[in-house]
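A short write-up of the structure that comes next.
Residue indices begin at 1 and follow the sequence shown. Counting convention: from 1, in listed order, for ligands and their atoms alike.
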Amino acid sequence: MSAVRRTVPESGKPTTEKVQSIFQVLAPDYDRFNRLSSLGIDRSWRKRAVRLARVSRDSVVLDLAAGTGDLTMELAERGRPASVLATDFVEEMLDVARAKAAGYQGETVIDFAVADAQDLPFEDERFDVVTVGFGVRNLPDRSANFREVYRVLKPGGRYVVLEMSRPPFGPFRSLYHFYLHTVIPTLGGLLTGHRGSFEYLRDSILAFPGQVALAGELHKAGFREVTWRNLTFGIVAVHVAVK
Ligand SMILES: C[S@@+](CC[C@H](N)C(=O)[O-])C[C@H]1O[C@@H](n2cnc3c(N)ncnc32)[C@H](O)[C@@H]1O
């Protein structure tokens with residue numbers, strides 16, 4: 001049995017070791033799986049998140065759980081802030097991101113750092129905007145992440161959370177859940193040979209709170225304005241929380 005298969009959970013509850021081992025193994029195939037499983041729509045979700053981040057030319061941006069860097073690059077290419085610091089706790093994912101950034105010709109300074117999104121090695125009030133794309137649902141302790149982001153944001157700074165969510169319309173939700181149960185593990189297994197990892201990723205989507213509950217958690221962490229936009233009928237939501 002592979003290391004990843006040994007770490008397949010009974011539910012979507014993440015642990016640090018489990019999540020790290022899954023992404024270490026999936027790193028080379030992660031982008032291909034994303035494009036195929038979402039039929040390329042994932043790109044438009046990240047573009048929308050960048051628009052909602054409202055970065056300016058002087059913004060100092062932190063991208064958490066940046067993985068292979070798709071949101072980081074979208075921020076640099078479309079948002080064009082002064083800098084984006086891409087962080088993740090899996091080097092193999094960041095290596096793919098570094099290769100993408102090597103071809104970047106714009107003016108945004110792109111840097112990389114290994115960091116746990118629940119315990120950020122940055123001083124207070126350093127960033128204007130913090131983003132996270134499809135990373136929050138893998139955190140064992142979301143409240144620690146929200147506390148840390150609140151700490152490192154400047155007053156008035158924005159936390160943009162792009163994440164899988166809960167389609168509000170019941171019949172569409174049933175169809176989507178059928179897709180999650182059938183297509184995701186099968187396609188993931190065929191593309192990577194690690195079906196168990198995709199069963200975990202599916203379970204983590206199903207276990208993640210809906211839009212209202214997530215907004216409540218952000219409020220509880222101290223953010224004063226919390227709004228969200230549903231994308232693709234609520235399969236995905238972008239929450240924006242202002243410090
Ligand atoms: C589904 S990928 C998302 C990558 C990228 N943001 C995107 O939009 O495609 C999730 C990433 O979160 C990272 N991650 C999970 N838990 C983390 C943590 N506690 N600290 C830092 N990164 C974490 C994983 O290593 C993985 O690269």
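Protein heavy atom closest to atom 10 (C) of ligand 1, with residue, atom name and distance, is F134 O, 3.4 Å. Protein heavy atom at the shortest distance from atom 5 (C) of ligand 1 is A66 O, 3.3 Å. At the top of the distance list for atom 27 (O) of ligand 1, counting protein heavy atoms only, stands D88 OD2, 2.7 Å. Taking atom 14 (N) of ligand 1 as the reference point, the nearest protein heavy-atom neighbour is F89 CE2, 3.5 Å. Among protein heavy atoms, atom 2 (S) of ligand 1 sits closest to Y30 OH, 3.4 Å. The nearest protein atom to atom 4 (C) of ligand 1, hydrogens excluded, is given as A65 O, 3.4 Å; this is a heavy-atom distance.
Under 4.0 angstrom from ligand 1, the non-hydrogen atoms of L139 all belong to its side chain. If you look at Q20 next to ligand 1, there are no close heavy atoms at all, none under 4.0 Å. In F23, the part holding a heavy atom less than 4.0 Å from any atom of ligand 1 is the side chain.
Those atoms of ligand 1 that come under 4.0 Å of a heavy atom in Q118, given as number and element, are 19 (N). Every atom of ligand 1 with a heavy atom of V90 under 4.0 Å away is listed here by number and element: 25 (O). Near M93, meaning under 4.0 Å from one of its heavy atoms, ligand 1 places the atoms 27 (O). With ligand atoms numbered from 1 in the order given, ligand 1 contributes 18 (C), 19 (N), 20 (N), 21 (C) to contacts under 4.0 Å with heavy atoms of A117.
For a threshold of 3.5 Å applied to N or O pairs, the pair formed by D70 and ligand 1 contains no separation below that value. Between L71 and ligand 1, no N or O atom pair is found at a separation short of 3.5 Å. Of the N or O atoms in R46, one or more lie within a sub-3.5 Å distance of an N or O in ligand 1.
For F169 and F233, the gap between ring centers reaches or exceeds 6.0 Å. Ring pair F198/F33: centre-to-centre distance below 6.0 Å.
Residues R46 and E77 are not paired through a salt bridge, judged by the lack of any N-O separation under 4.0 Å between the basic side chain and the carboxylate. Between R80 and E107 no salt bridge is recorded (no basic side-chain N to carboxylate O distance below 4.0 Å). A salt bridge is absent between E199 and R202: the closest approach of a Lys/Arg side-chain nitrogen to an acidic carboxylate oxygen does not fall below 4.0 angstrom. The existence of a salt bridge linking K154 and E125 is excluded, since no basic side-chain nitrogen approaches an acidic carboxylate oxygen closer than 4.0 Å.
The only member of V149, V130, V132, V129 that meets side-chain contact (heavy atoms from CB on, under 4.5 Å) when paired with L62 is V130. Considering R78, K100, K47 in turn, K100 is the only one that fulfils the salt bridge (Lys or Arg N to Asp or Glu O under 4.0 Å) rule with D70.
Closest heavy-atom approach to atom 15 (C) of ligand 1 within the set N34, T16, V19: this belongs to V19.
The shell of residues lying under 4.0 angstrom from ligand 1, judged by heavy atoms, includes A115. Ligand 1 is approached by D116 to a heavy-atom distance shorter than 4.0 Å.
F134 is connected to V183 through a chain of hydrophobic side-chain contacts under 4.5 Å among Ile, Leu, Val, Met, Phe, Trp and Tyr, so both are in one cluster.
The heavy-atom pair separating L218 from H239 by the smallest distance is CD1-CB, 4.0 Å.
The environment of K220 atom NZ is sparse: at most 12 non-hydrogen atoms of other residues, nucleotides or ligands sit within 6.0 angstrom.
Under the 3.5 Å distance criterion, with hydrogens and angles disregarded, a donor-acceptor pair is assigned to the side chains of Y159 and N145.
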